[in-house]
Amino acid sequence: MAFRTDLAVEAIQNMPHTADARQIRQDTRTIEGFSVSEVEILTDAAAREIGKPCGRYLTLELDALSRREEDAFPRACRALGALLRGLLPACAKEGPVLVAGLGNRMITPDAIGPQAVDHVIATRHLVEQVPDVFASWRPVSALAPGVLGQTGLETGEVVCGVLDRIRPAAVIAVDALAAGRLSRLLRTVQLADTGITPGAGVGNARAALNERTLGVPVIAVGVPTVVDGATLAHEIAAQLDGPSCEALEDLSRPVMITTRDIDREVADVARMIGYAVNMALHPHLTVADIDLYLS
């Protein structure tokens with residue numbers, strides 16, 4: 001079976017042959033003590049093979065945050081904020097931004113988007129109503145559109161309706177992803193300038209949110225919260241080099257695996273993402289400032 005993952009770095013690692021540098025550019029660096037891997041898919045042929053659109057994918061590793069190292073939270077916020085700010089196109093360096101938290105708040109592994117926007121400082125109304133204080137702030141709107149089963153509306157329909165009213169320069173979409181390995185869960189954040197397809201991580205893909213469908217640049221912020229059970233089982237069997245296992249047939253229906261502490265981990269990472277979005281859009285803010293504004 002195919003190795004199933006939403007992470008570009010994992011998809012490339014599991015390619016049957018070495019990636020051609022003329023089709024895929026890869027780089028690694030460190031920011032605020034966190035490892036960052038960058039993948040840029042350059043050609044349509046590479047995009048088809050990897051299963052990801054052409055564009056840039058930045059992967060921030062959060063091991064220090066998961067170990068709760070000293071100052072790990074503010075460092076992670078600054079690192080993610082800097083990466084997000086650098087990924088915004090020139091046309092969106094200023095002007096209004098819509099932050100959309102995708103997913104179902106009632107299902108914990110899918111709640112990373114709605115919980116993240118809870119920590120985003122919405123300023124659009126303040127810039128309009130209190131210009132003496134907020135004139136230098138960027139207008140930011142925060143939206144948790146819910147899912148089709150809750151609202152009867154496709155996520156894309158809700159976002160498009162809001163876009164028609166506020167005319168943002170860019171959209172930042174936060175959503176849960178599926179990884180191929182358990183070690184990635186809540187330990188990785190992927191940024192992409194290619195947009196996002198809500199529900200793709202759990203095999204329930206809806207209409208894509210990207211520049212083509214929305215008419216403005218869409219930056220995706222994704223965190224893997226689940227692993228496909230069949231992918232994990234087949235990977236274990238392959239690494240053990242054992243015979244095919246009859247029990248794997250039980251995974252013909254989708255089975256998603258997550259962590260024991262998913263509630264706490266989603267809350268922690270969602271808060272970090274919300275703070276990082278604030279720092280990306282308002283570079284003058286610190287963690288202490290955001291604590292004050294959100295209190």
Side-chain angles (χ1 to χ4, degrees), residues 1-31 34-63 79-80 82-93 102 170-185 187-203 205-224 226-228 230-232 234-235 238-239 280:
M1 65 168 281
F3 183 87
R4 181 175 172 184
T5 180
D6 292 323
L7 300 177
V9 290
E10 285 190 339
I12 290 173
Q13 288 170 358
N14 284 274
M15 291 174 62
H17 52 79
T18 304
D20 188 335
R22 293 170 297 179
Q23 300 190 66
I24 302 171
R25 185 180 64 83
Q26 299 184 69
D27 187 30
T28 59
R29 61 185 185 275
T30 300
I31 179 170
F34 295 92
S35 175
V36 179
S37 300
E38 179 171 354
V39 171
E40 185 173 6
I41 301 175
L42 302 172
T43 67
D44 291 337
R48 287 192 298 272
E49 184 169 1
I50 298 170
K52 308 290 178 189
C54 291
R56 294 176 64 197
Y57 299 82
L58 306 177
T59 305
L60 178 68
E61 307 291 347
L62 298 176
D63 292 339
L80 184 59
L83 294 175
L84 182 55
R85 187 163 58 251
L87 207 55
L88 286 168
C91 63
K93 293 298 183 184
L102 311 181
V171 172
I172 297 174
V174 185
D175 200 5
L177 305 177
R181 296 183 174 87
L182 288 172
S183 59
R184 291 274 185 188
L185 299 191
R187 303 291 187 272
T188 297
V189 180
Q190 177 177 270
L191 305 178
D193 62 3
T194 58
I196 199 163
T197 302
V202 293
R206 317 307 299 177
L209 304 181
N210 52 40
E211 188 167 5
R212 183 181 61 81
T213 60
L214 299 184
V216 297
V218 179
I219 305 300
V221 181
V223 177
V226 295
V227 172
D228 177 65
T231 293
L232 180 61
H234 279 277
E235 281 295 295
Q239 290 184 26

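Note that this is a predicted model, so its numbers are computed, not measured. FYI, the numbering just counts along the sequence from 1.
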A8: side-chain contact (heavy atoms from CB on, under 4.5 Å) partners, not counting sequence neighbours: Y57, Q190
L84 versus I219, closest heavy-atom pair with distance: CD1-CG2, 3.5 Å
Residues which pass side-chain contact (heavy atoms from CB on, under 4.5 Å) with A82, listed by chain and number, not counting sequence neighbours: I31, R85
Smallest separation among heavy atoms of G195 and A220, with atom names: O-CB, 3.4 Å
Nearest-0.5 Å distance, CG of residue L7 to OG1 of residue T188: 6.0 Å
Partner set under side-chain contact (heavy atoms from CB on, under 4.5 Å) for S35, not counting sequence neighbours: E61
For R29, salt bridge (charged side-chain N to carboxylate O under 4.0 Å, His left out) partners two or more places apart: E38
Heavy-atom check, side chain of L62 versus side chain of V189, under 4.5 Å: yes
Salt bridge (charged side-chain N to carboxylate O under 4.0 Å, His left out) partners of R187, counting only residues at least two apart: E265
CA sep, side-chain torsions, deciding dist, call: T194, I41, side chain to side chain contact (heavy atoms under 4.5 Å, CB included): CA-CA 10 Å; T194 58; I41 301 175; over 6 Å; no
Test applied, salt bridge (charged side-chain N to carboxylate O under 4.0 Å, His left out); reference residue, E40; option that passes from R25, K52, R56: R25
Results of salt bridge (charged side-chain N to carboxylate O under 4.0 Å, His left out) for E10 - residues two or more places apart only: R184
Approximate separation, where rounding is to 0.5 Å, of L83 CG and L58 CG: 5.5 Å
Closest non-hydrogen atom pair between A46 and I24, with its separation: CB-CG1, 3.9 Å
Interatomic spacing from CD1 in I12 to OG1 in T5 - rounded to 0.5 Å: 11.0 Å
Spacing of I196 atom CD1 and D175 atom CG [to the nearest 0.5 Å]: 4.5 Å
From N210 atom CG to T213 atom OG1, the distance as rounded to the nearest 0.5 Å: 4.0 Å
Close side-chain approach of D44 and C54, heavy atoms under 4.5 Å: yes
Euclidean distance, L80 CG relative to L60 CG, rounded to 0.5 Å: 6.0 Å
pair I50-V39: side-chain heavy atoms closer than 4.5 Å: no
